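Comments concern the structure below.
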Amino acid sequence: MTIAHHPSEELLLDYASGALTESWSLAVATHLALCPECRHEVARMEAVGGGLLDALTPTACSDAAFDAVLARLTDGADAAPITVPRETLHETAGPAPVLPDPLRGYIGADLDGVPWQRLGLGAYQCLVRTEDGVTARLLRIPAGRPVPEHTHRGQELTLVLRGAFSDQTGHYGAGDFQEADEHIKHQPHAAPGEDCICLAITDAPLRFRSLAARLVQPLLGI
Amino acid sequence: MDDLIVAVAQHRDRAAFRELFDHFAPRLKAFVMRQGLDSQMAEEVTQEAMVRVWQKAQQFDPSKARASTWIFTIARNLRIDFLRKSYRPEPDPDDPAMVPDAEPGGFAHVAQAQEAERLRAAIAVLPDDQRVVLHLAFFEEKTHPEIAEQLGIPLGTVKSRIRLAFKRVRSELGEDQ
Ligand SMILES: [Zn+2]
């Protein structure tokens, strides 16, 4: 997989520092699974976080603090898992899955088990359940077809998982990551040959240019 | 410090854990107090973080990260799922769909102890304006626009200060690209 478009340094830092909420983090983490280069970059940022932590002027803890921690290690509670909110689904045999973790855990299945919901014009979506009030969805755009031209009221992240699309800003293949905001008006066009499947994160409804698209928008929930 | 975590992982070594606690707990407390928690709450969060250090010690890989980096990630994740009650997706290193590193190492090849010292030195010489934006990002989990608003400077300035800071740290680590 040759990745040409990566998350911005800004987005990676917000991920590394913990400033991103769940849906945006999901898009970044899924890209990281596909991109050793960005994993390396995030590791470097986390190292800076560690360096800053180490350089802090210590604030003394109470005398009882260590004993309190020790007491919690001996009562057996240390064996309990903390929070495992999503399943990890690791197949033991067969070909490697197409969807990387953590996305696969959210869907509860690999690509062949995605519960697609028809959008019309040959397009499908699958809403990904996150809890930060931001919309995360898998989109399947039929090969060779356009998505109606639109602008954004907020931010939009798109991560291609299979197939490819092009728009005014470039060509995006598997693993590629696009950041769009209210300043970008684009008309993504799925490449021919194979349906384009991508993870899209949006914090506000899209703004379509054509009246027809605006009319169907409430029906499609996009 | 790396060896201490390994000792906790392999032998449940309490003396090693005490040393880790003495070094990191006061720093974690200072870290948490920067989110605006009072001393008592900060101490509770710190204790929870140290419990997690004990629980998760087996996951620490000294070839991948330094002790301070690893403990930073524990404190960061704790802050998110404890204080913000939210979840932070991460790639799973055992995932068969994960694209592996081109070459093992890279970052990991450098002698960790030596690198920790160089990183400390690199951060120490950062200009104040760059250090301030890093502090807001890492200690107060502010996004770039929030940092710009708080400091009353343009977003582009925030971005360029952060970029300069990372560039500087990178070159101090001999990782210039
Ligand atoms: Zn990348």
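Predicted model, so just to flag it, every value in this text is computed and none were measured. Below, chain A is the first sequence line, B the second, and so on; all start at residue 1.
Side chains of A:Ser62 and B:Glu43: a donor on one and an acceptor on the other come within 3.5 Å.
Of the atoms belonging to B:Arg18, heavy atoms from both backbone and side chain fall under 4.5 Å from chain A. Of the two parts of B:Phe139, only the side chain, counted from C-beta on, holds a non-hydrogen atom closer than 4.5 Å to a non-hydrogen atom of chain A. Using a 4.5 Å cut-off between heavy atoms, A:Leu11 makes no contact with chain B at all. Contact annotation for B:Pro100: only backbone heavy atoms (N, CA, C, O) come within less than 4.5 Å of a heavy atom of chain A. With a threshold of 4.5 angstrom between heavy atoms, B:Met1 does not approach chain A through any atom at all. Only the side chain of B:Thr73 comes within contact range of chain A, judged by heavy atoms closer than 4.5 Å. Of the atoms belonging to A:Leu103, not a single heavy atom falls under 4.5 Å from chain B. Residue A:Leu13 touches chain B through its side chain alone, counting heavy-atom pairs closer than 4.5 Å. With a threshold of 4.5 angstrom between heavy atoms, A:Ala60 approaches chain B through N, CA, C or O but not through any side-chain atom. Contact annotation for A:Glu9: only side-chain heavy atoms (C-beta onward) come within less than 4.5 Å of a heavy atom of chain B.
Taking the six-membered ring for Trp, B:Phe138 and B:Phe31 have ring centres at least 6.0 Å apart. Ring pair A:Phe177/A:His31: centre-to-centre distance below 6.0 Å.
Using a 4.0 Å cut-off between charged nitrogen and carboxylate oxygen, B:Arg34 and B:Glu141 do not count as a salt-bridge pair. Under a 4.0 Å N-O distance rule, the pair B:Arg161/B:Asp129 qualifies as a salt bridge. Between B:Glu90 and B:Arg76, at least one side-chain nitrogen of the basic residue sits less than 4.0 Å from a carboxylate oxygen of the acidic one, meeting the salt-bridge criterion. One finds no salt bridge joining B:Glu172 and B:Arg118 here, because no Lys/Arg side-chain nitrogen approaches an Asp/Glu carboxylate oxygen to under 4.0 Å. With respect to B:Asp2 and B:Arg66, no salt bridge is recorded, no charged nitrogen being found less than 4.0 Å from a carboxylate O.
In terms of non-hydrogen atom pairs under 4.5 Å with chain A, the most contact-rich of B:Ala165, B:Ala97, B:Pro89 is B:Pro89. Interface remark: of the candidates A:Leu34, A:Thr30, A:Leu32, A:Leu34 forms the most heavy-atom pairs closer than 4.5 Å to chain B. For chain B, the option among A:Pro100, A:Gly175, A:Ser23 with the highest count of heavy-atom pairs below 4.5 Å is A:Pro100. Interface summary for chain A: among B:Met50, B:Lys142, B:Arg88, B:Gln47, the most heavy-atom pairs under 4.5 angstrom belong to B:Arg88. The greatest number of non-hydrogen atom pairs below 4.5 Å with chain B, out of A:Cys35, A:Ser25, A:Ala96, A:Ala68, is found for A:Ser25.
In this structure, the side chains of B:Met98 and B:Asp92 stay at 4.5 Å or more apart for every pair of heavy atoms.
Cation-pi geometry between B:Arg12 and B:Trp54 is satisfied (NZ or CZ under 6.0 Å from the ring centre, within 45° of the ring normal).
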